[in-house]
Q: 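I am attaching a structure below and will ask some questions about it afterwards.
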Protein chains: 2
Amino acid sequence: MISHAEENYLKAIFKISEKEAKAASTNAIAAELQTTAASVTDMLKRLAEKNLIAYEKYRGVELSGEGNRLATALIRKHRLWEVFLVEKLGFAWDEVHDLAEQLEHVQGDDLVDRLDNFLGHPKFDPHGDPIPDAQGRWAFRPQSLLATLKPGDRGVVTGVDDHSAAFLQYLDQLGLTLGAQLELIERIPYDQSLRIRTQDGREITLSEKVGHNLFVKI
Amino acid sequence: MISHAEENYLKAIFKISEKEAKAASTNAIAAELQTTAASVTDMLKRLAEKNLIAYEKYRGVELSGEGNRLATALIRKHRLWEVFLVEKLGFAWDEVHDLAEQLEHVQGDDLVDRLDNFLGHPKFDPHGDPIPDAQGRWAFRPQSLLATLKPGDRGVVTGVDDHSAAFLQYLDQLGLTLGAQLELIERIPYDQSLRIRTQDGREITLSEKVGHNLFVKI
DNA sequence: AATAATTTTTAGACTTGCCTAAAAATATTT
DNA sequence: AAATATTTTTAGGCAAGTCTAAAAATTATT
Ligand SMILES: [Mn+2]
Ligand SMILES: [Mn+2]
Ligand SMILES: [Mn+2]
Ligand SMILES: [Mn+2]
């Protein structure tokens with residue numbers, strides 16, 4: 001059996017490895033889980049003992065095959081519950097993460113697969129993140145950071161890199177939710193601000209920071 | 001804050017008090033939660049400290065106002081999730097209890113009320129048990145144990161007292177699910193067995209035990 | 001290469017929740 | 001009322017998971 005805490009560590013290691021493409025460090029894991037390096041070391045020993053990670057002292061960790069399988073299943077559950085909360089219960093996309101963080105730990109034979117079926121096998125969650133299927137396969141969808149567009153390029157909002165409520169609410173306010181169309185008018189040389197035109201013809205200026213946290217499909 | 005374990009104790013005390021109408025004993029709580037009397041005593045001290053129960057050594061416990069409120073909210077969550085699992089995900093009524101046992105602990109502002117709304121404000125769960133509303137008010141529906149009917153009485157199945165999978169599956173097999181109509185033909189004097197006629201004209205003999213675990217509305 | 005800075009691990013302690021065995025209190029029987 | 005049986009509490013201990021402070025290892029700088 002695997003505890004909630006262990007599951008959370010596996011997911012954290014998965015996410016770090018996804019970005020960094022090298023062994024996850026103790027400090028990175030501590031930051032991701034908002035805990036201390038000492039607690040992380042304790043847990044890494046336990047996870048290594050269970051063969052869920054490959055752990056070398058001072059060298060960071062990588063998930064084992066089984067660890068990877070478990071982390072993927074957890075992410076699948078998390079994202080499916082987020083879809084449920086938004087599509088069926090009417091929550092906003094900035095309200096669902098903490099609830100999904102709890103729901104992902106519910107254990108049950110075909111609960112996830114039945115949920116998946118009920119939701120119509122969604123491929124992406126409310127933040128545009130891909131949902132692995134029952135076999136752990138990931139959907140792929142080409143997308144670029146808004147910051148990489150060139151003036152004149154048109155795109156559709158497909159996801160976010162920053163998942164904070166503050167950012168998501170700001171996007172709501174701007175009308176830049178998933179599926180929103182936009183066109184890059186120009187990039188201001190002084191501070192890399194981005195002037196864009198929205199579907200309904202409004203012109204908006206976005207900071208460089210926004211440009212680096214918003215994904216669009218060209 | 002209140003832990004999962006504490007919530008489970010409050011619910012257990014509520015259920016015992018509901019049946020017995022007097023202070024719940026340490027042993028009764030231990031039996032309900034399948035734990036030891038010593039563990040129960042430990043927890044009762046903690047709950048008393050938090051003013052969730054009135055606890056007198058050797059005299060059993062009763063829920064405080066706040067304890068009652070929390071236990072009611074927990075039962076509401078448990079039963080609403082059971083409705084979701086059966087109505088929306090297509091689980092059988094004998095498969096949902098353990099899942100609801102986990103889902104009831106998910107904490108979130110209006111999660112329960114949104115779920116309630118999504119489900120259309122059901123008043124009873126898949127086992128016929130009443131679901132308290134957001135204010136903690138219980139629906140009442142008059143019903144009698146099948147064993148109390150007299151020959152010639154007709155009734156509709158409205159609930160079960162025994163919630164075990166074995167009993168629920170047996171009822172499925174007999175076609176005696178919620179809403180099924182039946183008529184008591186006779187009670188066998190020798191062993192109090194009950195001969196009944198179902199909607200579709202079948203004659204079935206049920207043990208005294210079944211008669212004491214099946215609720216019907218006359 | 002030596003020193004300084006940073007990262008990681010160890011040591012020791014705390015909380016929650018559980019357990020078994022023994023002692024104390026209460027209830028039942030004789 | 002005394003003896004016996006049952007229930008409940010206490011005592012002591014264990015595992016998971018967390019923390020702070022200190023030690024050890026690694027990395028960066030001079
Ligand atoms: Mn999330
Ligand atoms: Mn998400
Ligand atoms: Mn149940
Ligand atoms: Mn139920």
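To find a chain, count down the sequence lines: A is the first, B the second, and so on, and within it residues start at 1.
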Q: Can you name the residues that form a side-chain contact (heavy atoms from CB on, under 4.5 Å) with Leu99(A), not counting sequence neighbours?
A: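 side-chain contact (heavy atoms from CB on, under 4.5 Å) check on Leu99(A) returns Leu85(A), Phe91(A), Gln102(A), Val106(B), Leu111(B).
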
Q: In chain order, what residues pass the side-chain hydrogen bond (donor to acceptor under 3.5 Å, both in side chains) check against Ser193(A), with sequence neighbours excluded?
A: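 By the side-chain hydrogen bond (donor to acceptor under 3.5 Å, both in side chains) rule, Ser193(A) matches Asp191(A).
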
Q: If the condition is side-chain hydrogen bond (donor to acceptor under 3.5 Å, both in side chains), which residues does Thr205(A) pass it with, not counting sequence neighbours?
A: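 Counting only residues at least two positions away or on another chain, Thr205(A) forms no side-chain hydrogen bond (donor to acceptor under 3.5 Å, both in side chains).
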
Q: By side-chain contact (heavy atoms from CB on, under 4.5 Å), which residues pair with Glu66(B), not counting sequence neighbours?
A: Leu52(B), Ser64(B), Arg69(B), Leu70(B)

Q: Tell me the salt bridge (charged side-chain N to carboxylate O under 4.0 Å, His left out) pairs involving residues 104-129 of chain B, sequence neighbours left out?
A: Lys11(B)-Glu104(B), Arg76(B)-Asp113(B), Arg76(B)-Asp116(B), Arg79(B)-Asp125(B), Asp110(B)-Arg114(B)

Q: Output the rounded distance in Å from CZ (Arg59(A)) to P (dA24(D)).
A: 19 Å

Q: Where does the chain A footprint on DNA chain C start and end, counting 5' to 3' with a 4.0 Å heavy-atom cut-off?
A: dT7(C) to dT10(C)

Q: Please list all pairs meeting ring pair (Phe, Tyr, Trp, His ring centres under 6.0 Å) that have one or both residues in residues 1-22 of chain A, counting only residues at least two apart or in different chains.
A: His4(A)-His105(A), Phe14(A)-Trp138(A)

Q: Are the side chain of Arg141(B) and the backbone N or O of Thr158(B) linked by a donor-acceptor pair below 3.5 Å?
A: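 Yes.
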
Q: Please list all pairs passing the salt bridge (charged side-chain N to carboxylate O under 4.0 Å, His left out) test where one or both residues lie in residues 45-57 of chain A, with sequence neighbours left out.
A: Glu6(A)-Lys50(A)

Q: Which residue pairs pass the salt bridge (charged side-chain N to carboxylate O under 4.0 Å, His left out) test when at least one of the two sits in residues 160-169 of chain B, sequence neighbours left out?
A: Lys19(B)-Asp161(B)

Q: Do any N or O atoms of the protein come closer than 3.5 Å to N or O atoms of nucleotides 13-17 of chain D, and which pairs are they?
A:
unit_1: dG17(D); atom_1: OP1; unit_2: Ser3(A); atom_2: OG; d: 2.2
unit_1: dG17(D); atom_1: OP2; unit_2: Arg46(A); atom_2: NE; d: 3.4

Q: Is Lys57(B) close enough to dT10(D) that one of its side-chain N or O atoms is under 4.0 Å from OP1 or OP2 there?
A: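 Yes, within the criterion.
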
Q: Given that Tyr58(A) and Thr41(B) both sit by DNA chain D, which one's nearest nucleotide is further toward the 5' end?
A: Thr41(B)

Q: Of the residues in residues 30-39 of chain B, which ones touch DNA chain D at a heavy-atom distance under 4.0 Å?
A: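 Here the set is Ala37(B), Ala38(B).
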
Q: Side chains of residues 23-37 of chain B: which donor-acceptor pairs under 3.5 Å do they make with residues two or more places apart or in other chains?
A:
unit_1: Ser25(B); atom_1: OG; unit_2: Ala28(B); atom_2: N; d: 3.0
unit_1: Thr36(B); atom_1: OG1; unit_2: Ser39(B); atom_2: N; d: 3.3
unit_1: Thr36(B); atom_1: OG1; unit_2: Ser39(B); atom_2: OG; d: 3.0

